[in-house]
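Here's the structure we're looking at; comments come further down.
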Amino acid sequence: MRTRPIKIGHIETENNVFLAPLAGYTNYPFRKQCLKYGAGLTFPEMMNARGFLYNPVGTKALLFTGEEEKIKAVQLFGKDPELMRRVAESETLSYVDLIDINMGCPMPKIVKNGEGSALLAKPELAEQIVSACKKSGKLVSVKFRIGLDREHLVTEEFAKRMEGAGADMLTIHGRTRDQVYAGDVDFDEIAKAKRAVKIPVIANGGVTDEAGAQKLLDETGADGVMVARGALWDPQIFADLTGRKRGSKKAMILEQLDDTAKLFSPHFTTVFMRKMVTFYIRGMRDCVRYKERLFAAANREEIENLVEEIFSAQEI
Ligand SMILES: Cc1cc2nc3c(=O)[nH]c(=O)nc-3n(C[C@H](O)[C@H](O)[C@H](O)COP(=O)(O)O)c2cc1C
């Protein structure tokens with residue numbers, strides 16, 4: 001894929017292949033692997049702005065970042081412009097360069113609250129949120145969907161309004177809210193929005209390999225692509241997308257396990273890494289049988305031993 005840097009306000013990314021925010025997954029140890037294999041920008045999982053304001057300490061592990069992460073981004077969801085401005089300006093987020101605002105989440109508990117993709121139906125409020133967050137002096141981006149359903153596509157109009165309110169970048173997930181995470185990605189909708197604004201537009205949805213990423217770029221004319229589930233199965237997808245060399249999968253898993261154990265509790269590490277390893281071994285010999293054993297692993301050591309066993313069995 002032909003990659004290139006992207007200018008977001010006053011900062012420049014190394015390339016235009018980004019890791020999406022994924023609730024429950026894009027913690028620092030996972031992002032570190034994606035960065036190592038070439039991701040140009042990564043996002044931690046979305047954070048509830050209200051929850052953050054009242055308990056910033058509770059989000060400490062979530063906010064952890066390392067020197068690999070040259071551009072520090074966070075994603076907030078919420079619906080109260082003033083409250084979100086206070087979060088953006090908070091001491092805890094003083095290290096952050098870029099605040100992304102979630103206007104795409106389709107989950108009922110978020111939408112019912114008027115947050116996430118509910119904002120697609122409230123463009124004035126969405127504008128107020130962007131301009132309030134801009135007062136922090138940080139870069140502000142918006143991640144949104146093409147509409148609530150096919151009868152209510154908003155992409156171009158919404159993109160223009162977000163740019164008008166001061167957004168420095170847009171990420172467009174080319175699906176409607178009622179598609180949730182399945183079905184075709186609408187390239188044309190993203191393309192229309194891209195043509196309508198001057199700020200960088202990142203296209204998102206359905207990328208699982210280099211050909212898919214190139215197609216998404218070509219058909220939308222977007223400035224970059226954002227990968228979500230494709231990276232969850234395989235963080236080394238970024239090597240394919242940016243022309244780097246892949247590395248040892250086993251070493252990657254063991255490093256992620258070690259980093260996760262350093263940052264999180266033994267319980268979280270076990271539960272989280274059991275899940276991640278089952279993603280990573282998809283398609284490998286006997287993966288279904290190993291999956292069962294992984295889910296029975298009681299601690300980090302048992303996961304480590306199983307990883308050793310899985311990879312030595314592949315070599316036979
Ligand atoms: C498990 C899961 C968690 C997600 N969490 C977030 C999130 O925190 N913030 C967000 O903007 N999008 C979130 N998304 C949406 C993804 O960032 C992305 O827009 C979507 O999965 C489409 O990209 P893909 O087809 O490459 O997976 C999530 C998606 C999944 C499957």
Side-chain angles (χ1 to χ4, degrees), residues 16-28 30-31 34 39 41-49 51-52 59 62-63 73-79 84 98-111 113 115-120 126 129-130 140-147 155 158 162 167 169-187 189-190 193 201-217 219-220 222 224-235 237-238 240-241 271-272 275-276 278-279 282:
N16 52 350
V17 183
F18 298 170
L19 169 70
L22 283 155
Y25 295 101
T26 50
N27 53 40
Y28 168 69
F30 176 75
R31 299 198 306 274
C34 296
L41 181 63
T42 66
F43 291 84
E45 66 178 85
M46 61 182 185
M47 267 191 325
N48 181 339
F52 174 87
T59 45
L62 227 70
L63 292 176
V74 294
Q75 190 193 51
L76 300 177
F77 71 92
K79 64 174 175 193
M84 292 179 76
L98 171 71
I99 307 263
D100 187 62
I101 301 165
N102 182 317
M103 299 195 190
C105 182
M107 292 305 154
K109 68 173 183 195
I110 307 274
V111 174
N113 221 9
E115 298 165 335
S117 60
L119 289 164
L120 296 174
I129 292 172
V130 170
V140 173
S141 58
V142 179
K143 181 166 177 282
F144 66 99
R145 288 179 180 245
I146 58 174
T155 331
F158 201 81
M162 294 306 99
M169 179 177 76
L170 303 173
T171 301
I172 307 178
H173 177 188
R175 296 187 177 98
T176 57
R177 181 183 76 193
D178 69 352
Q179 282 181 285
V180 190
Y181 296 113
D184 292 342
V185 170
D186 191 328
F187 297 137
E189 277 297 303
I190 302 176
V201 170
I202 308 300
N204 166 240
V207 171
T208 53
D209 58 23
E210 192 192 347
Q214 189 64 57
K215 186 162 190 249
L216 184 59
L217 267 189
E219 304 231 345
T220 60
V225 293
M226 180 180 271
V227 188
R229 285 164 296 176
L232 212 52
W233 314 124
D234 178 15
I237 187 176
F238 289 106
D240 302 346
L241 267 47
V271 173
F272 180 69
K275 208 162 37 175
M276 295 314 292
T278 62
F279 290 162
R282 267 196 344 168

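Counting starts at 1 for both ligands and their atoms, in listed order. Being a predicted model, the structure only gives us computed values, none of them experimental. All values below come from the heavy atoms of this structure, side chains included, with hydrogens, waters and symmetry mates left out.
With Y25 as the fixed residue, the side-chain contact (heavy atoms from CB on, under 4.5 Å) test singles out one of E45, K275, R31: K275.
Enumerated by chain and number, the residues approaching ligand 1 to less than 4.0 Å through a heavy atom are A20, P21, L22, A23, Y25, M46, Q75, N102, K143, H173, R175, Y181, N204, G205, G206, A228, R229.
Of all heavy-atom pairs spanning A73 and P44, the tightest one is O-CD, 3.0 Å.
Side-chain N/O atoms of T171 and N204 include no donor and acceptor closer than 3.5 Å.
Looking only at distances, no side-chain donor or acceptor of S141 sits under 3.5 Å from a matching main-chain atom of M169.
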Quiz item: Step by step, would you call L63 with M47 a side-chain contact (heavy atoms from CB on, under 4.5 Å)?
Solution: CA-CA 9 Å; L63 292 176; M47 267 191 325; 3.6 Å; yes
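Listed by chain and number, the residues in a side-chain hydrogen bond (donor to acceptor under 3.5 Å, both in side chains) with N48 amount to none (sequence neighbours excluded).
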